[in-house]
**Q** 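Could you have a look at this structure, given as structure tokens, before my questions?
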Amino acid sequence: TLSSSLLRSLFGGQVVVERNFPEPLFPIERVGVKEIQEDHPELTANRDDHWGYFWRQRVATLARFAEPARDFGWVILCDADVVPLRNWDHLFQNIESEILVQRDAQGRPDVGFFAVRGEHIVAFAQAWQETMTKLEGTPYTGYRSDGLALEMVLASGAFQVREFEHGEVMHPFDEGVSFADCLDAAALHLTGVSIEKKTKLAFALHMMWVYGEDEGVFLDILEA
């Protein structure tokens with residue numbers, strides 16, 4: 001859903017998807033989408049080890065691909081439960097900072113959607129991985145270890161950090177957030193609910209974005 005919505009919006013960047021299963025997301029290759037398969041060993045059922053391993057692998061993947069990524073103006077890192085509602089190119093125009101973030105309800109940087117300027121991605125990836133290594137073995141407390149590491153890297157002062165413009169990146173399930181306001185956002189991060197609810201809402205938003213039109217032709221086709 002994320003990739004298809006980005007392509008539909010004529011996003012000016014390259015979409016790179018990391019997947020931990022052999023089947024491609026798109027049976028027919030999509031122009032502008034590159035899929036990377038990561039063969040992770042079987043994850044333990046223990047929650048602490050499971051999530052700690054998963055997030056370490058995520059950070060390690062960025063470190064491996066940071067060098068070629070430095071040629072891009074910006075590198076956007078986002079989870080699969082992010083849904084674009086319009087083109088993102090404007091989010092990265094005339095920005096002086098080196099890292100762009102969106103804060104959650106607790107004021108923490110949203111590790112599921114942030115961006116690093118390409119010329120700083122190698123240094124950031126190294127700092128992020130080193131911080132994750134220091135946190136290895138830290139008990140799971142309900143907050144992602146890669147998010148804690150991101151918070152620590154940003155707090156170090158090594159990078160100039162700025163937040164996305166108000167209302168451009170939103171969390172529709174946060175307390176006090178109006179869904180009407182969310183519909184004007186450029187990206188929605190569907191945090192705080194079950195995977196089933198995320199999947200249903202992501203699909204609905206994608207169908208609205210891709211096939212929404214005043215004449216109702218698409219609905220007529222479905223009814224037929």
**Q** Is there side-chain contact between Asp146 and Leu135, with at least one heavy-atom pair below 4.5 Å?
**A**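 No, their side chains stay 4.5 Å or more apart.
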**Q** Can you name the closest pair of heavy atoms from Ala127 and Thr131 and give their distance?
**A**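 Nearest pair, atom of Ala127 first, then Thr131: O-OG1, 2.8 Å.
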**Q** Check for me, please, whether Val193 and Val83 land in the same ILVMFWY cluster - side-chain distances under 4.5 Å, paths through other members count.
**A**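 Val193 and Val83: one cluster.
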**Q** Tell me if a side-chain donor or acceptor on Gln102 pairs with a main-chain N or O of Val169 at a distance below 3.5 Å.
**A**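 The answer is yes, because a donor-acceptor pair under 3.5 Å joins these two groups.
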**Q** Step through the shown structure and confirm whether more than 12 heavy atoms of other residues, nucleotides or ligands are within 6.0 Å of OH on Tyr143.
**A**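 Count over threshold, so yes.
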**Q** Taking the side chain as every heavy atom from C-beta outward, state whether Cys182 and Pro172 have any atom pair closer than 4.5 Å.
**A**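 Touching, per the 4.5 Å side-chain cut-off.
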**Q** What are the two closest heavy atoms between Ala63 and Ala125, and how far apart are they?
**A**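 Taking Ala63 first and Ala125 second, the nearest heavy atoms are CA-CB, 3.9 Å.
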**Q** Identify whether Val15 and Ile36 are in the same connected component of the hydrophobic contact network (ILVMFWY, side-chain heavy atoms under 4.5 Å).
**A**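 Result: no, two separate clusters.
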**Q** Indicate the atoms forming the closest heavy-atom contact of Thr1 with Ala202, along with that distance.
**A**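 Closest pair (atom of Thr1, atom of Ala202, distance): CG2-O, 3.4 Å.
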**Q** What heavy-atom pair brings Ala186 and His90 nearest, and what distance separates the two atoms?
**A**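 Taking Ala186 first and His90 second, the nearest heavy atoms are CB-CE1, 4.0 Å.
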**Q** Under the side chain to side chain contact (heavy atoms under 4.5 Å, CB included) criterion, do Trp128 and Val116 qualify, and how do the steps go?
**A** CA-CA 12 Å; Trp128 201 21; Val116 182; over 6 Å; no
**Q** For Arg19 versus Glu35, what's the shortest heavy-atom pair and its separation?
**A**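 Looks like NE-OE1, 2.5 Å.
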**Q** Determine whether Val16 and Phe124 fall in the same hydrophobic cluster, where Ile, Leu, Val, Met, Phe, Trp and Tyr are linked whenever their side-chain heavy atoms lie under 4.5 Å apart.
**A**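 In one cluster with Val16: Phe124, no.
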**Q** Please round to the nearest 0.5 Å and tell me the distance separating atom OG of Ser5 and atom CG of Leu85.
**A**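 Those atoms lie 8.0 Å apart.
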**Q** Using residues 104-114 as the side-chain source, report each donor-acceptor pair under 3.5 Å to any protein atom, sequence neighbours left out, with the distance given to one decimal.
**A**
unit_1: Asp104; atom_1: OD1; unit_2: Gln106; atom_2: N; d: 2.9
unit_1: Asp104; atom_1: OD1; unit_2: Gly107; atom_2: N; d: 3.0
unit_1: Asp104; atom_1: OD1; unit_2: Arg108; atom_2: N; d: 2.8
unit_1: Asp110; atom_1: OD1; unit_2: Gly112; atom_2: N; d: 2.8
unit_1: Asp110; atom_1: OD1; unit_2: His189; atom_2: ND1; d: 3.2
unit_1: Asp110; atom_1: OD2; unit_2: His171; atom_2: NE2; d: 2.7
unit_1: Asp110; atom_1: OD2; unit_2: His189; atom_2: ND1; d: 2.7

**Q** Would you mind checking if Glu168 and Arg86 are paired as a salt bridge, meaning a charged N to carboxylate O distance below 4.0 Å?
**A**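 Salt bridge between Arg86 and Glu168, a charged N being under 4.0 Å from a carboxylate O: yes.
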**Q** Please report the interatomic distance CD1(Ile195) to CG(Leu190), rounded to the nearest 0.5 Å.
**A**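 That separation rounds to 9.0 Å.
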**Q** Do Asp79 and Arg144 pass the salt bridge (charged side-chain N to carboxylate O under 4.0 Å, His left out) test, and can you show the C-alpha distance, the side-chain angles, and the key distance before you say yes or no?
**A** CA-CA 13 Å; Asp79 290 346; Arg144 295 167 50 163; 2.7 Å; yes
**Q** Quick one, Phe179 and Leu201 - any side-chain contact, counting heavy atoms below 4.5 Å?
**A**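 SC-SC contact between Phe179 and Leu201 confirmed.
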**Q** Enter the distance from Arg117:CZ to Ile99:CD1 here, rounded to the nearest 0.5 Å.
**A**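 Rounded to the nearest 0.5 Å, the CZ-CD1 separation comes to 11.0 Å.
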**Q** With a 4.5 Å heavy-atom cut-off, do Thr61 and Arg64 have their side chains touching?
**A**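 Yes - at least one pair of side-chain heavy atoms lies under 4.5 Å apart.
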**Q** Backbone N or O of Arg58 within a donor-acceptor pair of the Glu18 side chain at under 3.5 Å?
**A**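 A pair under 3.5 Å: no.
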**Q** Establish whether Leu77 and Leu148 are linked, either directly or via other cluster members, by ILVMFWY side-chain heavy-atom contacts under 4.5 Å.
**A**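 In one cluster with Leu77: Leu148, no.
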**Q** Do the side chains of Ile121 and Phe72 get nearer than 4.5 Å, heavy atoms only?
**A**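 Not touching, per the 4.5 Å side-chain cut-off.
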**Q** Compare every heavy atom of Ser3 with every heavy atom of Val17, then report the nearest pair and how far apart it is.
**A**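 Between these two residues, the closest heavy atoms are CG2-OG, 3.4 Å.
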**Q** Got a donor-acceptor contact below 3.5 angstrom from the Asn87 side chain to the Leu10 backbone?
**A**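 Yes, Asn87 side chain to Leu10 backbone: donor-acceptor pair under 3.5 Å.
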**Q** Are the side chains of Val75 and Phe65 in contact, using a 4.5 Å heavy-atom criterion?
**A**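 Contact flag for Phe65/Val75 side chains = no.
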**Q** Under 3.5 Å, side chain of Arg56 to main-chain N/O of Val59, donor-acceptor pair present?
**A**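 No; judged by distance alone, with no hydrogens or angles, the pair does not exist.
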**Q** Side chains of Ser4 and His206: does their closest heavy-atom pair fall under 4.5 Å?
**A**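 Side-chain contact under 4.5 Å: yes.
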**Q** Which value, rounded to the nearest 0.5 Å, describes the distance between His120 atom NE2 and Trp74 atom CH2?
**A**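 Between atom NE2 of His120 and atom CH2 of Trp74 there are 8.0 Å.
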**Q** Output the distance between atom CG (Leu2) and atom CG (Asp81), rounded to the nearest 0.5 Å.
**A**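 CG of Asp81 is found 9.0 Å from CG of Leu2.
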**Q** Tell me whether Ser97 contacts the main-chain N or O of Leu100 through its side chain, where contact means a donor paired with an acceptor under 3.5 Å.
**A**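 Here the side-chain-to-backbone pair does not exist.
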**Q** Please tabulate, one pair per line, all N/O donor-acceptor pairs under 3.5 Å involving side-chain atoms of residues 150-160, not counting sequence neighbours.
**A**
unit_1: Ser156; atom_1: OG; unit_2: Val153; atom_2: O; d: 2.5
unit_1: Ser156; atom_1: OG; unit_2: Ala158; atom_2: N; d: 3.3

**Q** Any side-chain heavy atom of Glu165 within less than 4.5 Å of one from Leu91?
**A**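 The answer is no, as the side chains (C-beta and beyond) never meet within the 4.5 Å cut-off.
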